[in-house]
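If you're wondering where the values come from, they're calculated on a predicted model, not measured in any experiment. Sequence lines set the chain letters: A, B, ... in the order given, protein chains first and strands last, and positions in each chain run from 1.
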2 protein chains.
Amino acid sequence: MSHVAVRHLDTSAADFEAEFRRVQHWSAETDHAIEQRVAEILDDVRERGDAAVLDYTARFDGLQAESMAALELTRDELKAAFDAITPAQRDALQAATARVRSYHERQLQASGLSWSYRDEDGTLLGQKVTPLDRVGIYVPGGKAAYPSSVLMNAIPATVAGVGEIIMVVPTPKGEKNALVLAAAYVAGVHRAFTIGGAQAVGALAYGTATVPRVDKITGPGNAYVASAKRRVFGQVGIDMIAGPSEILVLADGSTPPDWVAMDLFSQAEHDELAQSILLCPDADYIARVQTEIDRLIDAMPRRDVIRASLEGRGALIRTRSMEEACEISNRIAPEHLEVSSAEPHRWEPLLRHAGAIFLGAYTSESLGDYCAGPNHVLPTSGTARFSSPLGVYDFQKRSSLIEVSEQGAQTLGLIAAELAYGEGLQAHAQAAEFRLNR
Amino acid sequence: MSHVAVRHLDTSAADFEAEFRRVQHWSAETDHAIEQRVAEILDDVRERGDAAVLDYTARFDGLQAESMAALELTRDELKAAFDAITPAQRDALQAATARVRSYHERQLQASGLSWSYRDEDGTLLGQKVTPLDRVGIYVPGGKAAYPSSVLMNAIPATVAGVGEIIMVVPTPKGEKNALVLAAAYVAGVHRAFTIGGAQAVGALAYGTATVPRVDKITGPGNAYVASAKRRVFGQVGIDMIAGPSEILVLADGSTPPDWVAMDLFSQAEHDELAQSILLCPDADYIARVQTEIDRLIDAMPRRDVIRASLEGRGALIRTRSMEEACEISNRIAPEHLEVSSAEPHRWEPLLRHAGAIFLGAYTSESLGDYCAGPNHVLPTSGTARFSSPLGVYDFQKRSSLIEVSEQGAQTLGLIAAELAYGEGLQAHAQAAEFRLNR
């Protein structure tokens, strides 16, 4: 038993707002030195292609190769990795894949199909939805190499019908993560290269003689990768720029407190900057969660990280009511939001901003992280105010369809011409007027 | 009659690929001086708020104001502008608004609603779709001030159910565009400020004492605005970064050639960098379009811009077939794609990448620009490979919903624990195991 000094806050305290702002504060300050370095690497990759990528891979990853071809992992190598892991791991990867695929297929049906209609004058209007031709998936190497992230990035792309999925994963000093390669095999990655950093982002964005240019790059990475993604945005599509991971638990006191303590740990163990927050109107329950935290911490292999995260960025917040807890949750817009309540459907309608909402005591965040079905790539750092989980829609794009009938052109032409003249765009107006039957 | 020297290409010519690359080339080079200046402006706005915005507005727009409140346009002022325009303009704005709203309501129904289902073990999975709380719409001032853009940005936001829409529009030397204000009134803009540039983007992204912080910023702007949007991305959401406008006309020779010539003009009149391309397998038809271009140019008020655009970036390309024309169109991924053919539905399935597809001779791009219904904010510069028209979905975000049943937790817990141990995340594993009934 060793005390973990998590910050305790109370919404009825006079200094709550100031304390809360301190908890919320996290600044992804732009590092100009990194920006400058990344700009140089990207320019070099655009200029020299494979040769530049090989140089940086030797320098940063300590991995020498004669050619980019030597850094490609064949489908046979991915399959060999899959065959080499334990049967239990194979089963778990396949079960997770099946569930994640099934959820994303529902997503495709619910919001990812083309549609059209004709209005009364015979004009056809609609939207055609098509998959991206080719995407790149960035998978971090080293300690944060997560096979589950390979599934979560690749599966929505396969469900969308993307023609080719290219994975890049750095393998410092040539060390490969067998589970990552196995996951790539199961998830349907088409090609894979053991490259990383800004140079891998550049290779995917511009294309090299060996690495084909992609249309979009998804997946998390370090500060160099994030800066490179931001810089190539426009040239290719990107997903969100990820910040530290967060969990917020809304508790009414009905869940066993050790479950909640472990859920807070599961976020904190990611890294020191991860944030775990409990919101609860019941002071006694908060005390019991604190007791469980203190009781459970010593047995955790990653206790140092967990402690640093909980003491540095965590908080146990007593609220006046569950309603107030929901309001504070909306201000935070957390990545993961557990509604650990006996009546989760009472509170869910009050929750406007969150990456994923986990309802009820049995829904630990970790079930969602791996295999419930929904994606675990979620908006962080309050960006759930305006962005969404990674999904099939990220691997599709839409084209408007318009077919104006001869009759429709008569009414629409007059409106368009009026507005076009108002904007001083006479060719626009005349193009509409040419279609009028006079 | 004065000859416009549009580039003529032929896909069967030996130098076609080189010529085509020259036509395609357009580089949005990053201007480091602008980047640096924008970074300073944004820092200053974050630091000093209203005072900084007032300073820059005085300096860049020549508009002195005592306070930010003095730069707010009230709903009464917007209504007064609407009342002051001509009845024909009022009717046209309202008719366009009704049609654009109707299309976007279909879009909401087709792909913007929440959904959920329960699997066989009682686990609920789904996605909750909610509108953004508050968005900012950037409307350029000066010569590119388009009331239609106000409609196209604001209407999808209102259909999505956004709580508050804030418009910013610079008014250099205080000159207001009555049609822009009238459009803001009709489209349902809630608040409007006469500020622009990087300082307006900063005010919306960070909030000031007077300008509320928004969750997303949409709308086109100059290089400063584009750079500022890129820089605040993450802090707030942004839409795409717009490049020059483009039209590509796929013609089988069945459309009157003067209609096609005027459609090419309607893109070219936007600015010198706009691009108009014709793809057609019929050399005679191309010659007739060239004749119409030469015949029509002198009567166009914006003939100098049209000529500069067509001669600098335009092309009339003879292809071997309509199929080949479709393939080239996919390589270009144009913003606007007219299928000016007697059998548009024969070619439409071959077209994978385009912002909007205009089918048949009667569907001039300009009808779509103003009032057919679909949005005219479209991906430019080949970004239709991976991005979509502005839509209701840009003003919504999604939250995953997961409610694992007690029974579901028993199977999911084993899978999650296996994968979590494989990733070295023991708290994740134990959080799942705590839910197992042992």
K.L.:
I'd like to know which of A:Thr130, A:Leu378, A:Leu367 tops the heavy-atom pair count under 4.5 Å against chain B.
P.N.:
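When all of A:Thr130, A:Leu378, A:Leu367 are compared, A:Leu367 has the most.
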
K.L.:
What part of A:Ser102 gets within 4.5 angstrom of chain B, counting heavy atoms only: side chain, backbone, both, or neither?
P.N.:
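Both the backbone and the side chain of A:Ser102 come within 4.5 Å of chain B.
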
K.L.:
Using a cut-off of under 4.5 Å on heavy-atom pairs, state which of B:Ala372, B:Gly382, B:Ala95, B:Pro344 scores highest against chain A.
P.N.:
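Max contact count across the listed options: B:Ala372.
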
K.L.:
Measure distances from A:Arg134 to the heavy atoms of chain B and classify the residue's part below 4.5 Å as side chain, backbone, both or neither.
P.N.:
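For A:Arg134, no heavy atom lies under 4.5 Å from chain B.
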
K.L.:
Measuring heavy-atom distances to chain B, does A:Val305 have an atom under 4.5 Å in its side chain, in its backbone, in both, or in neither?
P.N.:
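For A:Val305, neither part sits under 4.5 Å from chain B.
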
K.L.:
Under a 4.5 Å heavy-atom cut-off, does chain B meet the side chain of A:Ala361, its backbone, both or neither?
P.N.:
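Only the backbone of A:Ala361 comes within 4.5 Å of chain B.
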
K.L.:
If you tally heavy-atom pairs under 4.5 Å against chain A, which of B:Ala432, B:Ala429, B:Gly360, B:Gly408 wins?
P.N.:
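Winner by heavy-atom pair count: B:Ala432.
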
K.L.:
Tell me, side chain or backbone of A:Ile238 under 4.5 Å from chain B's heavy atoms, or both, or neither?
P.N.:
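For A:Ile238, the contact with chain B is made by the side chain alone.
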
K.L.:
Quick one: what part of A:Ala384 sits under 4.5 Å from any heavy atom of chain B, side chain, backbone, both or neither?
P.N.:
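Contact with chain B involves the backbone of A:Ala384 alone.
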
K.L.:
Under 3.5 Å, is there a donor-acceptor pair between the B:His345 and A:Glu403 side chains?
P.N.:
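The answer is yes; a qualifying pair exists.
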
K.L.:
May I ask you to say whether A:Arg99 pairs ionically with B:Asp119, meaning some side-chain N is under 4.0 Å from a carboxylate O?
P.N.:
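Salt bridge: yes.
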
K.L.:
Do you know which two heavy atoms are closest between B:Ala96 and A:Leu419, and how far apart they sit?
P.N.:
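Here B:Ala96 and A:Leu419 meet closest at CB-CD1, 3.8 Å.
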
K.L.:
Could you look at A:Pro147 and say if it's the side chain, the backbone, both or neither that has a heavy atom under 4.5 Å from chain B?
P.N.:
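Contact with chain B involves both backbone and side-chain atoms of A:Pro147.
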
K.L.:
Under a plain distance cut-off of 3.5 Å, with no hydrogens placed, do A:His353 and B:Asp133 share a side-chain donor-acceptor pair?
P.N.:
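Judged by distance alone, the side chains do pair up.
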
K.L.:
Between A:Leu179 and chain B, which part of the residue has a heavy atom less than 4.5 Å away: side chain, backbone, both or neither?
P.N.:
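Answer is side chain: those atoms of A:Leu179 sit under 4.5 Å from chain B.
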
K.L.:
Side chain, backbone, both or neither: which part of A:Asp215 has a non-hydrogen atom closer than 4.5 Å to chain B?
P.N.:
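Both the backbone and the side chain of A:Asp215 come within 4.5 Å of chain B.
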
K.L.:
Using a 4.5 angstrom heavy-atom cutoff, name the option from B:Pro374, B:Gly368, B:Ala409, B:Gly234 with the most pairs to chain A.
P.N.:
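Result: the option with the highest number of such pairs is B:Pro374.
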
K.L.:
What part of A:Tyr393 is in contact with chain B, defined as an atom under 4.5 angstrom from a non-hydrogen atom: side chain, backbone, both or neither?
P.N.:
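Interface part for A:Tyr393: side chain.
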
K.L.:
Of all of B:Val260, B:Leu296, B:Leu351, B:Thr123, which one pairs up most often with chain A through heavy atoms under 4.5 Å apart?
P.N.:
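Heavy-atom pairs under 4.5 Å are most numerous for B:Leu351.
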
K.L.:
Less than 4.5 Å to any heavy atom of chain B: does that hold for the side chain of A:Gln107, its backbone, both, or neither?
P.N.:
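The answer is both parts of A:Gln107.
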
K.L.:
Which residue out of A:Arg352, A:Glu365, A:Gln267, A:Met262 racks up the most heavy-atom pairs below 4.5 Å with chain B?
P.N.:
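Heavy-atom pair counts peak at A:Met262.
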
K.L.:
A:Trp259 versus chain B, heavy atoms under 4.5 Å apart: side chain, backbone, both or neither?
P.N.:
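For A:Trp259, the contact with chain B is made by backbone and side chain together.
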
